[in-house]
Amino acid sequence: MYSPQLPLARTRVPFPAETDKAQADLGSLEASLLQLLHDHHHSSLKLRQQTELAKKESIDNAKRVSDLLVDATNSGVHECYLNEKRIEIEIRVLAATIARFMKQTDQWLATTNAINSAMKEIGDFENWMKTMDFDCKSINAAIRNIYQE
C-alpha cells in the first residue's frame, strides 16, 4: 500500500554567490509546487463533484427504472386481480343459476313422479274395471245358465 522508502539524499551546501540564485530558483520552484498542489486540489475537487453528480444521476435513473419496472409489473398484477374478481362474480352468477335449475329440476321430477303414480293408479283402476267386468260377465253367464235350465 505504501511505496518503499527512498534512500535519503545528500544535501549540497551552496556557495554564497549561489545562495541568492538558489533562493530565487527555490522561490520559483516553491511557487511552481504550490501551483501544482493548488491545481491538483482543484482538479480533485472538481472530479469529486463530478463523481457525486454522476452518482446522484445514476441513483435517480435507477429509481426511475425501478419505478417503471414496478409499475409495469403492478399493471399486470392489477389486470390479473380484476380478471379474478370478474371470474368470481361469474362463478357466483353461475352457482345461483345452477341452484335455480336444480330446484326447477326437482319440481319437474316431483311432478313427473306424481303423474307416473297417477298413471299407475289409472292403470290399476282400469285393470280393476276389467276384472270387475269379467267377473260381472261370468256371474251374468252363470245366472243365464241357471235361468235357462
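Heads up: numbering here begins at 1 and tracks the sequence. Since we're looking at a predicted model, the values are computed, not measured.
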Establish whether Leu94 and Ile87 are linked, either directly or via other cluster members, by ILVMFWY side-chain heavy-atom contacts under 4.5 Å. no
Review point. Is the closest side-chain donor-acceptor distance between Asn83 and Glu79 under 3.5 Å?
Key: no
Margin query: Are Lys55 and Ile59 packed together at the side-chain level, in the sense that at least one heavy-atom pair is separated by less than 4.5 angstrom?
Written below: yes
ask   = Just wondering, do Leu53 and Gln49 contact through their side chains at under 4.5 Å, heavy atoms?
value = no
Has the side chain of Asn61 got a donor or acceptor atom that lies under 3.5 Å from a matching backbone atom of Glu57? yes
Those residues at least two apart in sequence (or on a different chain) that pass side chain to side chain contact (heavy atoms under 4.5 Å, CB included) with Lys85 are Tyr81, Glu88
Distance col, row Lys137:NZ vs Asn140:CG, nearest 0.5 angstrom, shows 9.5 Å
Between the CG atom in Asn113 and the NZ atom in Lys120, the distance rounded to the nearest 0.5 Å is 8.5 Å
CA sep, side-chain torsions, deciding dist, call: Asp60, Lys56, salt bridge (Lys or Arg N to Asp or Glu O under 4.0 Å): CA-CA 6 Å; Asp60 289 343; Lys56 287 179 184 177; over 6 Å; no
CG of Leu34 to CG of Asp39, rounded to nearest 0.5 Å, is 11.0 Å
Distance col, row Leu109:CG vs Met102:CE, nearest 0.5 angstrom, shows 12.0 Å
OG of Ser32 to CG of Leu37, rounded to nearest 0.5 Å, is 12.5 Å
Note to self: Are the side chains of Lys130 and Glu126 in contact, using a 4.5 Å heavy-atom criterion?
What the structure shows: yes
The reported gap from CD1 in Ile115 to CH2 in Trp108 (rounded to nearest 0.5 angstrom) is 12.5 Å
